[in-house]
K.L.:
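Take this structure, written in structure tokens, and hold onto it; I'll ask about it next.
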Number of protein chains: 4
Amino acid sequence: MGGSTLGAALRVTTFGESHGPAIGAVVDGCPAGLPLDEAVIQRDLDRRRPGRSSQTTQRQEADRVEILSGVFEGKTTGTPIALLIRNTDVRSRDYESIKDLFRPGHADYTYHQKYGIRDYRGGGRASARETAARVAAGAVARELLKREGIEVYAYLLQMGNVRAKRVERAAIDANPFFTPDPDIVPEMEKLLDDIRSSKDSIGALVEVVAEGVPPGLGEPVFDKLSADLCKGLGSIPAVKGVEIGEGFGVVARRGSEHLDAITPTGFATNRAGGILGGISNGAPIVARLALKPTSSIGIPQQTIDVRGEPATIVTKGRHDPCVGIRAVPIAEAMVLLVLADHWLRNRGSRL
Amino acid sequence: MGGSTLGAALRVTTFGESHGPAIGAVVDGCPAGLPLDEAVIQRDLDRRRPGRSSQTTQRQEADRVEILSGVFEGKTTGTPIALLIRNTDVRSRDYESIKDLFRPGHADYTYHQKYGIRDYRGGGRASARETAARVAAGAVARELLKREGIEVYAYLLQMGNVRAKRVERAAIDANPFFTPDPDIVPEMEKLLDDIRSSKDSIGALVEVVAEGVPPGLGEPVFDKLSADLCKGLGSIPAVKGVEIGEGFGVVARRGSEHLDAITPTGFATNRAGGILGGISNGAPIVARLALKPTSSIGIPQQTIDVRGEPATIVTKGRHDPCVGIRAVPIAEAMVLLVLADHWLRNRGSRL
Amino acid sequence: MGGSTLGAALRVTTFGESHGPAIGAVVDGCPAGLPLDEAVIQRDLDRRRPGRSSQTTQRQEADRVEILSGVFEGKTTGTPIALLIRNTDVRSRDYESIKDLFRPGHADYTYHQKYGIRDYRGGGRASARETAARVAAGAVARELLKREGIEVYAYLLQMGNVRAKRVERAAIDANPFFTPDPDIVPEMEKLLDDIRSSKDSIGALVEVVAEGVPPGLGEPVFDKLSADLCKGLGSIPAVKGVEIGEGFGVVARRGSEHLDAITPTGFATNRAGGILGGISNGAPIVARLALKPTSSIGIPQQTIDVRGEPATIVTKGRHDPCVGIRAVPIAEAMVLLVLADHWLRNRGSRL
Amino acid sequence: MGGSTLGAALRVTTFGESHGPAIGAVVDGCPAGLPLDEAVIQRDLDRRRPGRSSQTTQRQEADRVEILSGVFEGKTTGTPIALLIRNTDVRSRDYESIKDLFRPGHADYTYHQKYGIRDYRGGGRASARETAARVAAGAVARELLKREGIEVYAYLLQMGNVRAKRVERAAIDANPFFTPDPDIVPEMEKLLDDIRSSKDSIGALVEVVAEGVPPGLGEPVFDKLSADLCKGLGSIPAVKGVEIGEGFGVVARRGSEHLDAITPTGFATNRAGGILGGISNGAPIVARLALKPTSSIGIPQQTIDVRGEPATIVTKGRHDPCVGIRAVPIAEAMVLLVLADHWLRNRGSRL
């Protein structure tokens, strides 16, 4: 039972491997009549694109998206929207030398154990390359939600110990880190230089905000909006934690300190992060995700090969020293997809 | 589109409100031939039961489970297992006075906005009472996994600022807090006494461990084991964050510090928390969830009524001062259900 | 992977065995605000009830439905509606003698092969008794659709070679066969007397009509309204064929004979049975289902036992000589459930 | 909520319009390790291909399939298998003249009503062209089932009033009608010549047989194998009826005439068509589907335009005079997909 489909009303299925001919997504359930073209999707893809700056992987992928179906004369028709992205800058020979080794921190070992066979080239299906398809699909959701006045944006809140002290939206896309605090860009540069020179990698914290979300999105019990955000964000490669509103900060909090008072003009505070009882309350939705440091590092690691023999491995290939940077548009995409799905689901909540 | 069903191969649907006639669960997809009776389910239910100790709500519910279907002569038949728990100690009049008010932190406001109608008695469907049905269903999953040598247990790692310093499994069920560190029981008692006397509530951190999980559970991309654990645990009432392995600790970590070396006898460390690339790696699975302080407190809160007029509310009813305590068996149930689902799904991964 | 859930937006899960403590259904996804009480459900259940006339099984089941959840102060709340029906007139000893034998035409052999264990009492989960839960759930769908002006009714079009020559709606509930042609009631009585005296059984043809269905219900490609009706009706026990509109009559038809001309006031004819391209066209939906003769007959049959040894069997128990009669309300229920599901799904088809 | 995905364990999602850039399918859930290449899929596609003989549409489509993902070094990897077929012989101008008219019998009117927008070129998503994606996906299922000794084949049992009198498997692919009775080929040719010269079309009856199916496939209640076959076959364009085993013949049958006696060596007869209680019984599965005459005919039809004004239409474009012919490989594909799905699902039925 494959697991490459997300959503109940807006269903997204992605496919493709890092070094196969192409990756892509099929978005089924998008209402008819939504203006859509490749340019709109390309805009989001370009933000995630590898090779975009010197701070991320040097793999050069044009990431040109082609809409194969579901759009007619510039509008969605209600039928599945298939999005195709060809892989072009594939260097599979980079991986020949490690095809029998399990890279620590990667999915090599677990795919091997699960399937008995694996496409070892660039991580195959487990590669972050797959997330381009999510970003493409997320762009469709963005168009849908934009019409409802819902806006989703993310930023790099922290990398290593360098943390943004403020959120300036205009700054986010004006620096290669997607950080919302322009003052910390030099620090981040310095940190990454250090990381790179030591052939290491570093973790990160991404924050996503959704504004304009009406109250009522989310379904009781299992398909809470919060639960589906946890799943959506938790499905991004390298994510080891997800939190909403005050998140793990609630552990040491008293009720009287955490509760958001309700006033005739809205919630006095937003410690809940926009979700109560699993349903959006109209305040901005705020979620954070923790991304582990890139597993591919230039420092020799201890591992085993497919026969179980001990080995030492130095991961080659072209990698981001901090996957958290490019995770910013991916996190947006996941929140967009979950919100669009629940926005559609919520159409059925009342007579 | 309701959201009361979880799982793809083992599908659990729960139903019921806090003050309705009954709550329950239907478990569909359990293989035939599993020994099962009410006693086995009751054992898990009794651990979650309200009124179990002076540290939790004083609502007295026998929580007697009745198996309505799917079991014949002591064994599952492969057909849906319906589990019924009657509500007995219902005091709906406790809620009459607040039926037009939205309790801060609760789902009152969001259900009202979503549905235009709500069962205000005890939180209705959003009540933690619903989780009894999850625990009952989880007990079925526990029986299934036990045969495979998989064992799941949870404990209260932290309440407020009181944190367990060690994990002693035998201690967990020997104290009313489910803490694994017997030495901190007096501190926890003191904290809760303080919380109660100030009519407040307190947050908590629960850790869940799954041992004996074979490598291979979890599906690529969206239905990663980690993503489904995030969803399952994130769907528990009051949860504001979920993390796996090092969790949010990875943000400030370097790759060389985080990676688990692989040796011929297994992983040298378990910073990944048993999951790589979304698939179990054979090491123990470790997850943590952050629970906000109970929203029902005796300190007056500012709110509005259904007409939007400002009001002051003091929540009555019988409540846990720390929902994190009884969340321990619930967290186990969710991990059990997710693991059993993926264990069944994984049967299809190879020829 | 169980198969006891139907629908995507309105999801119905049934549970229960013929001779277990109870059967029931959980309906998730019903919009909030729908007036609903037990009396409305009971009305539909009473039409399906065994022992209703001398023409059907003599098992006496009150079939009292209890609403366990999802309804508050007479209206649905948007949460799962659980419906419970206790089994009361259980005579399991009737089945003791055949517990090791496979009754021809029944699911005994296939359940045994599939599960290795089976509840042999009255057919267990495969019993037509399970359909009471469908009828209860269908009554919820009926209330939902009634508000939209959609009405669903079925009737016994043919039993053996006795076929209705006209459809008089008022006649349907005025005779024990649910036939719409009062003139053939004596013939049907005579046929059934003959069948009973020869200890045999007889097949039947049921027709279902849905009036007032707006155009637009049904989703492209796989979840066509026609395909989901085929599945819903095809899932009723004993059904061996389903057809829509002209059905199998189209095989020998020319295009010029089959096409329904479109006029400014609607379709000139309705050979399509209300569905074009899998989507409702606004004309009445007309479907028919063929039900095989009851497999339980008093004439000795050749079979084998669980050890594979040849045996002769005479089926006892209390049975309908023609399952097609009580299939009438069941067929209505299935069409109601499929239509309600698609009516809800269609809310997402346009911006 | 889109409806372009079929299956629970083996999930197939198709996409694409008749005159868009491409059509395709994503198959998720196929176990790893299955040998697969484009040639194997092409073989099935070639049987369905338009322009294959003078008896079907003259649209020339190479129908070249490209595997985009999920296969590595000639074997499936367990990840989604994406299959792409470019549309090449597109003549959209054929449809310009009728873009504001609703062709009787087609989905034009219903898509327009549902979505308010439609891709009028060649029927868009409702075109039979979409079925090429099903055939490609079905070829994957065929490979999977072949290893289990399951074989599926179909044939044209009847066209108009010309019916095969016997089934000779070798004959099926040796004539342009896929009829299993070589003796009726001249009659079929004559009939089609007549149909063509009168610019009309004709209905057909296709029979599908699955041999080697083990007992146990199919899930209780809703997801019966029979119900899912009814849905799968019922979702093929132009299908108006589906039956299994004796099908509609059971209406006039007595139980003593219909029951298949069970003997130590198997079922004495196969009136049930290989399914009892919704679960395969080990005998060959036999299903039939009725296909309406092609809606595109050269005889003027009465219709309306998008403004509701009356109009006369003569459908142009390149069409099959009998869609039942090319429905043969499509029917095989649907049965293959349903069987493969249930074969995988059944892995979870026992401990």
Side-chain angles (χ1 to χ4, degrees), chain A residues 1-5 7-17 19-34 66-73 75-84 86-87 111 114-121 124-126 130 341 344-345 347-348, chain D residues 1-5 7-17 19-34 66-73 75-84 86-87 111 114-121 124-126 130 341 344-345 347-348:
Chain A
M1 291 192 57
S4 289
T5 299
L10 187 79
R11 297 180 67 75
V12 177
T13 302
T14 73
F15 60 85
E17 277 79 38
H19 287 57
I23 59 171
V26 182
V27 181
D28 197 12
C30 182
L34 180 73
E66 183 187 8
I67 298 176
L68 296 178
S69 63
V71 176
F72 181 61
E73 297 182 342
K75 285 191 175 169
T76 58
T77 60
T79 62
I81 302 165
L83 305 169
L84 186 72
R86 291 275 172 187
N87 291 326
Y111 269 62
K114 183 177 185 72
Y115 297 118
I117 179 178
R118 77 189 160 91
D119 180 349
Y120 57 80
R121 303 164 305 166
R125 181 80 179 134
E130 172 272 332
D341 184 40
L344 283 167
R345 292 180 72 167
R347 286 188 167 189
Chain D
M1 291 193 57
S4 291
T5 299
L10 188 78
R11 298 180 66 75
V12 177
T13 302
T14 73
F15 60 85
E17 277 79 39
H19 286 57
I23 58 171
V26 182
V27 181
D28 198 13
C30 181
L34 180 73
E66 182 187 8
I67 298 176
L68 296 179
S69 65
V71 176
F72 181 61
E73 297 182 342
K75 285 192 175 168
T76 59
T77 61
T79 62
I81 302 164
L83 305 169
L84 186 73
R86 293 275 171 187
N87 290 326
Y111 269 61
K114 184 179 185 72
Y115 296 119
I117 180 178
R118 76 189 161 91
D119 180 348
Y120 57 81
R121 302 165 306 169
R125 181 79 178 134
E130 173 271 334
D341 185 40
L344 282 166
R345 292 180 73 167
R347 285 188 167 190

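Because the structure is predicted, anything quoted here is derived from the model rather than measured. Chain letters run A, B, ... following the sequence lines, proteins first, then strands; residues in each count from 1. All values below were derived from every heavy atom in this structure, side-chain atoms included, with hydrogens, water molecules and symmetry-related copies excluded.
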K.L.:
Name all residues meeting the side-chain contact (heavy atoms from CB on, under 4.5 Å) criterion together with R11(D); count only those two or more places apart in sequence or in a different chain, and write none if there are none.
P.N.:
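For R11(D), the residues satisfying side-chain contact (heavy atoms from CB on, under 4.5 Å) (neighbours in sequence not counted) are R11(A), T5(D).
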K.L.:
How long is the gap from CZ on F72(A) to CZ on R121(D), to the nearest 0.5 Å?
P.N.:
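It is 5.0 Å, given to the nearest 0.5 Å.
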K.L.:
Please report the interatomic distance CD(E130(D)) to OG1(T79(A)), rounded to the nearest 0.5 Å.
P.N.:
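So the CD of E130(D) and the OG1 of T79(A) are separated by 10.5 Å.
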K.L.:
Looking only at heavy atoms, what is the nearest atom pair of P21(A) and E66(D), with distance?
P.N.:
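Between these two residues, the closest heavy atoms are CB-OE2, 4.1 Å.
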K.L.:
Report the distance from atom CE of M1(D) to atom SG of C30(A), rounding to the nearest 0.5 Å.
P.N.:
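It is 14.0 Å, given to the nearest 0.5 Å.
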K.L.:
G70(A) and E17(D): which non-hydrogen atoms are nearest, and at how many Å?
P.N.:
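Looking at all heavy atoms of both residues, the shortest contact is N-OE1, 3.0 Å.
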K.L.:
Below 4.5 Å, heavy atoms only, C-beta onward: do R125(D) and P80(A) meet side chain to side chain?
P.N.:
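Contact flag for R125(D)/P80(A) side chains = yes.
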K.L.:
Looking at S4(D), is its backbone amide N or carbonyl O close enough to the side chain of D28(A) to form a donor-acceptor pair, meaning the two atoms are under 3.5 Å apart?
P.N.:
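Present.
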K.L.:
For the candidates A9(D), G124(D), G24(D), G20(D), which exhibits the highest count of non-hydrogen atom pairs separated by less than 4.5 Å from chain A?
P.N.:
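Option with the top pair count is A9(D).
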K.L.:
Against chain D, label L84(A) side chain, backbone, both or neither, depending on which of its atoms sit under 4.5 Å from a heavy atom there.
P.N.:
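Just the side chain, heavy atoms under 4.5 Å.
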K.L.:
Working to the nearest 0.5 Å, report the span between CD of E73(A) and OH of Y120(D).
P.N.:
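With rounding to 0.5 Å, CD (E73(A)) is 5.0 Å from OH (Y120(D)).
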K.L.:
If you define the side chain from C-beta out and look only at heavy atoms, does anything of R118(A) sit under 4.5 Å from T77(D)?
P.N.:
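Counting from C-beta outward, R118(A) and T77(D) never come under 4.5 Å.
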K.L.:
Select one option (side chain, backbone, both, neither) describing which atoms of T13(D) are under 4.5 Å from chain A's heavy atoms.
P.N.:
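It is the side chain, since no backbone atom gets that close.
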K.L.:
Of the listed residues (V26(D), I117(D), T14(D), D119(D)), which shares the most heavy-atom pairs with chain A below a 4.5 Å separation?
P.N.:
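Option with the greatest count: D119(D).
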K.L.:
Could you look at L68(A) and say if it's the side chain, the backbone, both or neither that has a heavy atom under 4.5 Å from chain D?
P.N.:
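Both parts, backbone and side chain.
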K.L.:
Return the set of residues passing ring pair (Phe, Tyr, Trp, His ring centres under 6.0 Å) with F15(D) (not counting sequence neighbours), or none when no residue passes.
P.N.:
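Listed in chain order: nothing, the list is empty.
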K.L.:
Could you look at L344(D) and say if it's the side chain, the backbone, both or neither that has a heavy atom under 4.5 Å from chain A?
P.N.:
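For L344(D), no heavy atom lies under 4.5 Å from chain A.
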K.L.:
Report which part of R86(D) has an atom under 4.5 Å of a heavy atom belonging to chain A: side chain, backbone, both, or neither.
P.N.:
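For R86(D), the side chain is the part near chain A, not the backbone.
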